[in-house]
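Working notes, beginning with the structure itself.
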Amino acid sequence: GFVGVDVFFVVSGFLITGLLLRERERTGRISMRQFFARRIRRIMPAAVTTIAMTTALSFLILSPSRANATLGDGFFASIFLANWRFAASGTDYFATDTGVSPLQHFWTLSVEEQFYLVWPWLLIAVLAIAAAAAAKAGKQITTTSQRRILAAVLIPIVAASLIWSIVETATAPSVAYFATASRIWELGAGALLAVGAPLFARLETNARTTLAIAGLTGIVASMVLLTEASPVPGPLALIPVLATAALLASGIGGENALQRPLAHPVMTRIGDMSYSIYLWHFPVIVFAAVLAPAGGPLVAGLTLVAIAGLSLASYVFVEAPFRHPRVKDASRTTRRQPTSLGWSRRT
């Protein structure tokens, strides 16, 4: 299941960069105030609620030492530095027998938000410099030229991060797994796809279907082929990253054979709730392992029910009201805004 991290980073980079570029091309500017206001409304209420409740439950369920450690984890998670806390402590993400933090999964959110503290500003700066250079030469820069310039800036960043990821995975795998520098290339791959979106909008239906099938096959295959023993996020993470990019590319500006099943109401509803599911799945699993260490089908079933119930409550009572503060009926708002793959509402 940890391959989902790679998929998530690519999707996130693609969606956020696409939103920024469309705003720039539609209005001629990018409002960073509105961008960060949206991010805060989107991320913080549900995250803070989860951190607070998980920390409180830790003092009831876990040992005092683990509960105190969880309190510290919650602080770093709330300021989006959880990944560096776990990297600094030499945490092994797969060492489930050594007292896993119920907030350990917040490292991915930390990496994502660190990326978005830098990338939008870099995007704005690059486009501003390019526009100023064109104006000085008495020309007006085109949208196509802007995207080409952004691609020229992104490609070496993605390449450098990938190379560093491969090196660090070989020399310090525990750090590489959590480190921002070794993960930037995955978010950057999604951003690069968004920059090059107009190219994929021209694809014919057969090409789209081929990309979609290859992408979905690659994602499923990576879940089978990659294990905790695999050197990730080194070169093997290229499999889910490229597969996700292919699946996303297949849906840019057109339809493919997989679009309908992926856009099924059940799939899009899970997509709507995916952030809340992400927040609650790990604390429930960790607490279940402490309360019922013997495990078994019944425990697994109750764990899934608890995850579903807490995720639904988080989505309905915390996430949706803050995302749509002027709309009382969040479910009605969701129905009014359908999307092809159910992913755009996650951002």
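For residues 293-309, the set of pairs meeting the salt bridge (Lys or Arg N to Asp or Glu O under 4.0 Å) definition, not counting sequence neighbours, is empty. Residue pairs meeting the salt bridge (Lys or Arg N to Asp or Glu O under 4.0 Å) criterion with at least one member in residues 2-14, sequence neighbours excluded, are D6-R183. Evaluation of the salt bridge (Lys or Arg N to Asp or Glu O under 4.0 Å) test over residues 200-220, restricted to residues two or more places apart or in two chains, returns none.
From F106, atom CZ reaches atom CZ of R85 across 14.0 Å, with rounding to the nearest 0.5 Å. The OG atom of S161 sits 8.0 Å away from the CD atom of E186 when rounded to the nearest 0.5 Å. We find the CD1-CD1 distance between I141 and I149 to be 3.5 Å, quoted to the nearest 0.5 Å. Taken to the nearest 0.5 Å, the CD atom of E113 stands 5.0 Å off from the CG atom of L109.
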Q: Take F80 and V111 through the test side chain to side chain contact (heavy atoms under 4.5 Å, CB included) and record every step on the way to the result.
A: CA-CA 7 Å; F80 303 117; V111 170; over 6 Å; no

Q. Hey, mind stepping through W280 and L312 against side chain to side chain contact (heavy atoms under 4.5 Å, CB included) and telling me if it holds?
A. CA-CA 10 Å; W280 277 108; L312 180 61; over 6 Å; no

Q. Which is it for Y315 and L279 under the side chain to side chain contact (heavy atoms under 4.5 Å, CB included) test, yes or no, and what are the steps along the way?
A. CA-CA 10 Å; Y315 176 74; L279 290 175; over 6 Å; no

Q. What do the steps show when you test I43 against Y275 for side chain to side chain contact (heavy atoms under 4.5 Å, CB included), and what is the final call?
A. CA-CA 9 Å; I43 298 297; Y275 179 53; 3.4 Å; yes

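Applying the salt bridge (charged side-chain N to carboxylate O under 4.0 Å, His left out) criterion to E112, with sequence neighbours excluded, gives R39. Annotation: ring pair (Phe, Tyr, Trp, His ring centres under 6.0 Å) contacts of Y278 (sequence neighbours excluded): H105. Taking the side chain to side chain donor-acceptor pair (under 3.5 Å) definition, one finds that S65 meets it with S63, sequence neighbours left out. Under the side chain to side chain donor-acceptor pair (under 3.5 Å) criterion, S58 pairs with no residue, sequence neighbours left out. Remark: S145 pairs with T142 by the side chain to side chain donor-acceptor pair (under 3.5 Å) rule, at least two apart or across chains.
When every heavy atom of T108 is checked against every heavy atom of F9, the shortest pair comes out as O-CE2, 3.6 Å. When all heavy atoms are compared, the tightest approach of A245 to V10 is N-CG1, 4.1 Å. Nearest heavy atoms, Y116 versus L187: OH-CD2, 3.9 Å. Contact between V153 and L122 at its shortest, heavy atoms only, is CG1-CD2, 4.4 Å. Shown here for A176 and S182, the closest heavy-atom pair between the two residues is O-OG, 2.5 Å. Across all their heavy atoms, S274 and G271 have their closest contact at OG-O, 2.8 Å.
With a 6.0 Å radius and a threshold of 12 heavy atoms from other residues, nucleotides or ligands, F322 has its CZ atom at or below the threshold.
Residue L291 belongs to a hydrophobic cluster whose other members are L57, L60, I61, L62, F287, V290, with links defined by side-chain heavy atoms closer than 4.5 Å. In this structure, I79 belongs to a hydrophobic cluster whose other members, linked by side-chain heavy atoms under 4.5 Å apart, are F75, F76, L81, W84.
Side chains of N256 and L211 form no contact here, defined as non-hydrogen atoms less than 4.5 Å apart. Side-chain contact check for T17 versus L150: every heavy-atom pair is 4.5 Å or farther apart. The shortest distance between side-chain heavy atoms of F14 and L192 does not fall below 4.5 Å. Counting only heavy atoms from C-beta outward, the side chains of Q104 and D73 never approach each other to under 4.5 Å. The shortest side-chain heavy-atom distance between I252 and L193 falls under the 4.5 Å cut-off. Looking at heavy atoms from C-beta onward, R269 lies in side-chain contact with D272 at the 4.5 angstrom threshold. When side chains are defined from C-beta on, T169 counts as touching P233, because their heavy atoms get closer than 4.5 Å. In this structure, the side chains of V241 and W185 come closer than 4.5 Å at one or more pairs of heavy atoms.
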Identify each donor-acceptor pair in which a side-chain atom of residues 18-32 lies under 3.5 Å from a protein atom, sequence neighbours left out, and give them as a table.
from, atom 1, to, atom 2, distance (Å)
E23, OE2, S31, N, 2.9
E25, OE1, R147, NH2, 3.3
E25, OE2, R147, NE, 2.9
E25, OE2, R147, NH2, 3.1
T27, OG1, E23, O, 2.7
T27, OG1, R29, N, 3.3
T27, OG1, R29, O, 2.9
S31, OG, Q34, N, 3.2

Contacts table for residues 299-311: side-chain donor-acceptor under 3.5 angstrom, sequence neighbours left out:
from, atom 1, to, atom 2, distance (Å)
T303, OG1, V299, O, 2.7
S311, OG, I307, O, 2.6

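L216 and L238 fall within a single hydrophobic cluster, where Ile, Leu, Val, Met, Phe, Trp and Tyr are joined by side-chain heavy atoms under 4.5 Å apart, directly or via other members.
In this structure, W107 has its ring center no closer than 6.0 Å to that of F86.
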